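A short write-up of the structure that comes next.
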Amino acid sequence: MSITEILFWFLSVLTLVSAIMVLISKNPVHSVLWLIATFFAISGHYILLNAQFLAIVNLIVYAGAIMVLFLFVIMLMNLDVAIEPKRSMWMKFAGVISGGLLLAVLLSVVRTSVDLTNKTAQLNTGDIGLIKNLGHTLFTQYAVPFEVSSILFLSAMVGAVVIGKKN
Amino acid sequence: MPIQYYIALSATLFCIGIVGVLTRRNAIVIFMCIELMLNAVNLLLVAFSKMQPVAAATNTAARNAANVGIDGQIFVFFIMVVAAAEVSVGLAIIVMMYRNTHSVDVNFLNRLKN
């Protein structure tokens with residue numbers, strides 16, 4: 001078992017455990033912290049796949065900006081631990097069962113698919129994830145979507161201010 | 001690493017997010033579970049961008065020169081952009097909802113039903 005496989009399994013277990021902890025922690029602040037741990041593990045996966053630009057952007061945008069926004073909103077609302085009323089046990093059970101059934105269907109499809117056999121994800125090789133190649137493609141082939149996304153950001157900013165402002 | 005492992009990991013993350021959306025009532029936690037689902041899709045796209053058949057592993061240099069699979073990573077970048085915009089608007093909506101109802105329980109939002 002090479003060091004890459006050990007890292008893959010370690011990061012996978014870390015991702016899944018912290019994702020489950022997001023669900024089962026009662027305090028929303030703890031959920032945010034576990035979600036940050038999940039994002040760090042996913043960034044580790046990106047580094048394993050040699051997508052270094054996406055790893056850094058994931059850390060900066062998700063773990064840095066978005067999660068700080070979540071923490072800020074939670075602390076602004078002064079949410080207490082006991083404020084969340086329990087969903088009925090029956091509803092929880094139904095949610096877990098339906099999610100588990102979806103997972104079973106997806107996993108069985110993946111396991112039996114003929115198209116996916118003998119395909120591998122190349123770890124530690126390739127340079128398509130480096131900033132140079134990604135930037136070149138982004139600013140030549142995908143220049144129009146890039147500009148459209150700037151308009152999206154502008155409208156999102158205006159929308160957030162308009163919605164959040166006291167009337 | 002076989003691509004099935006990455007697909008299984010992403011599907012599991014996605015289903016954890018779905019279970020969270022279905023079982024929690026706190027609007028912020030539901031929002032975080034949506035972020036989890038977006039990240040599962042991102043991870044899957046990155047894994048697919050590095051996917052290639054075992055038989056073709058010898059001409060890796062030719063594939064890299066042609067930037068095969070770079071579209072997947074560009075898509076991940078755009079998903080992150082859209083997620084950031086979505087979070088800003090969604091958190092503004094949650095703040096407004098908290099200001100009106102003094103709670104972030106989504107069950108208070110069923111008044112559209114009548």
Side-chain angles (χ1 to χ4, degrees), chain A residues 5 8 12 15-16 19-20 22-23 28 31-32 35 38-39 42 45-46 49 51 54 57 61 65-66 69-70 73-74 77 84-85 87 92 95-96 98-99 102-103 106-107 110 116 118-123 125-129 133-134 137-138 142 145 149 152-153 156-157 159-160 163-164, chain B residues 1-9 11-13 15-16 18-20 22-26 28-29 32-33 35-36 39 42-43 46-47 49-55 60 64 67-70 73-74 76-78 80-85 87-89 91-96 98 103-105:
Chain A
E5 294 182 16
F8 172 80
S12 303
T15 310
L16 293 180
I20 290 174
V22 171
L23 288 197
S31 289
V32 169
L35 196 58
T38 312
F39 288 157
I42 289 176
H45 274 294
Y46 290 166
L49 286 161
L54 287 180
V57 166
V61 172
I66 294 182
L69 200 60
F70 269 104
V73 168
I74 288 174
M77 289 176 182
E84 182 177 355
R87 238 194 228 285
K92 272 187 182 171
V96 172
S98 50
L102 178 64
L103 180 62
L106 288 177
L107 286 187
V110 168
L116 291 175
N118 284 332
K119 296 267 197 336
T120 56
Q122 295 291 304
L123 299 182
T125 57
D127 50 2
I128 63 170
N133 296 317
L134 271 181
T137 311
L138 190 62
Y142 288 91
S149 69
L152 173 72
F153 262 127
M157 199 168 68
I163 291 172
Chain B
M1 194 60 69
I3 194 74
Q4 283 102 334
Y5 292 168
Y6 275 106
I7 302 177
L9 174 64
T12 314
L13 260 185
C15 290
I16 288 173
I18 285 181
V19 170
L22 289 179
T23 54
R24 295 299 295 260
R25 287 174 67 176
N26 192 332
I28 295 180
V29 179
M32 284 194 271
C33 290
E35 294 301 313
L36 208 58
N39 266 280
N42 281 352
L43 180 59
V46 173
S49 81
K50 304 289 286 187
M51 184 180 78
Q52 62 184 15
V54 169
T60 309
N64 285 337
N67 274 344
V68 173
I70 205 168
Q73 306 209 357
I74 297 278
V76 172
F77 183 69
F78 281 120
M80 284 179 186
V81 167
V82 172
V87 163
S88 63
V89 176
L91 281 180
I93 290 175
I94 290 179
V95 168
M96 191 194 64
Y98 181 74
S103 156
V104 289
D105 188 358

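Within every chain, numbering begins at 1; the chains are lettered A, B, ... in the order of the sequence lines, protein sequences first and strands thereafter. All values derive from a computational prediction rather than experimental measurement. What's counted below: heavy atoms across the whole structure, side chains too, no hydrogens, waters or symmetry copies.
Both the backbone and the side chain of B:Met32 have a heavy atom closer than 4.5 Å to some heavy atom of chain A. Contacts of B:Leu43 with chain A are made by both backbone and side-chain atoms, with heavy-atom separations under 4.5 Å. Of the atoms belonging to A:Phe8, it is side-chain heavy atoms, and not backbone ones, that fall under 4.5 Å from chain B. For A:Ser12, the parts sitting under 4.5 Å from any heavy atom of chain B are the backbone and the side chain alike.
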How far apart are the C-alpha atoms of B:Val46 and A:His45, what are their side-chain angles, what is the distance that settles it, and do they pass the side-chain contact (heavy atoms from CB on, under 4.5 Å) test? CA-CA 9 Å; B:Val46 173; A:His45 274 294; over 6 Å; no

Check against side-chain contact (heavy atoms from CB on, under 4.5 Å), B:Phe77 and A:Leu134: CA-CA 10 Å; B:Phe77 183 69; A:Leu134 271 181; over 6 Å; no

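Among B:Val82, B:Ile70, B:Ile93, the residue making the largest number of heavy-atom pairs under 4.5 Å with chain A is B:Ile70. Taking A:Val73, A:Val57, A:Leu152 one by one and counting their heavy-atom pairs under 4.5 Å with chain B, the maximum is reached by A:Val73. Put simply, of A:Ile66, A:Val22, A:Leu106, the one with the most heavy-atom pairs under 4.5 Å next to chain B is A:Ile66. Looking only at heavy-atom pairs under 4.5 Å with chain B, the residue among A:Ser98, A:Ala156, A:Gly99, A:Ala51 that has the most is A:Ala156. When each of A:Val110, A:Leu54, A:Ile42 is checked for heavy-atom pairs under 4.5 Å with chain B, A:Leu54 comes out on top. For the set A:Ile20, A:Thr15, A:Leu16, the count of heavy-atom pairs under 4.5 angstrom toward chain B peaks at A:Leu16. Interface check for chain A: of the options B:Ile18, B:Val87, B:Val76, B:Ile3, the most heavy-atom pairs under 4.5 Å are formed by B:Ile3.
Nearest heavy-atom pair, A:Val61 versus B:Ala84, reported as atom, atom and distance to 0.1 Å: CG1-CB, 4.5 Å. Of all non-hydrogen atoms in A:Ser149 and B:Phe78, the two that sit nearest each other are OG-CE2, 4.1 Å.
In this structure, OG1 in A:Thr137 is found 5.5 Å from CD1 in B:Ile74, a value given to the nearest 0.5 Å. To the nearest 0.5 angstrom, A:Thr38 atom OG1 is 12.0 Å from B:Glu35 atom CD. Here A:Leu35 contributes atom CG and B:Leu36 contributes atom CG; the two are 6.0 Å apart, rounded to the nearest 0.5 Å. Here the CZ atom belonging to A:Phe39 is positioned 4.0 Å from the CG atom belonging to B:Asn39, to the nearest 0.5 angstrom.
Applying the side chain to side chain contact (heavy atoms under 4.5 Å, CB included) criterion to A:Leu107, with sequence neighbours excluded, gives A:Leu103, B:Ala8. Taking the side chain to side chain contact (heavy atoms under 4.5 Å, CB included) definition, one finds that A:Val96 meets it with B:Val19, B:Thr23, sequence neighbours left out.
Under the side chain to side chain contact (heavy atoms under 4.5 Å, CB included) test applied with A:Ile163, the options B:Val95, B:Leu91, B:Val89, B:Ile94 reduce to a single match, B:Val89.
Using a distance-only test at 3.5 Å, with no hydrogens or angles considered, a donor-acceptor pair links the side chain of B:Tyr98 to the main chain of A:Met77.
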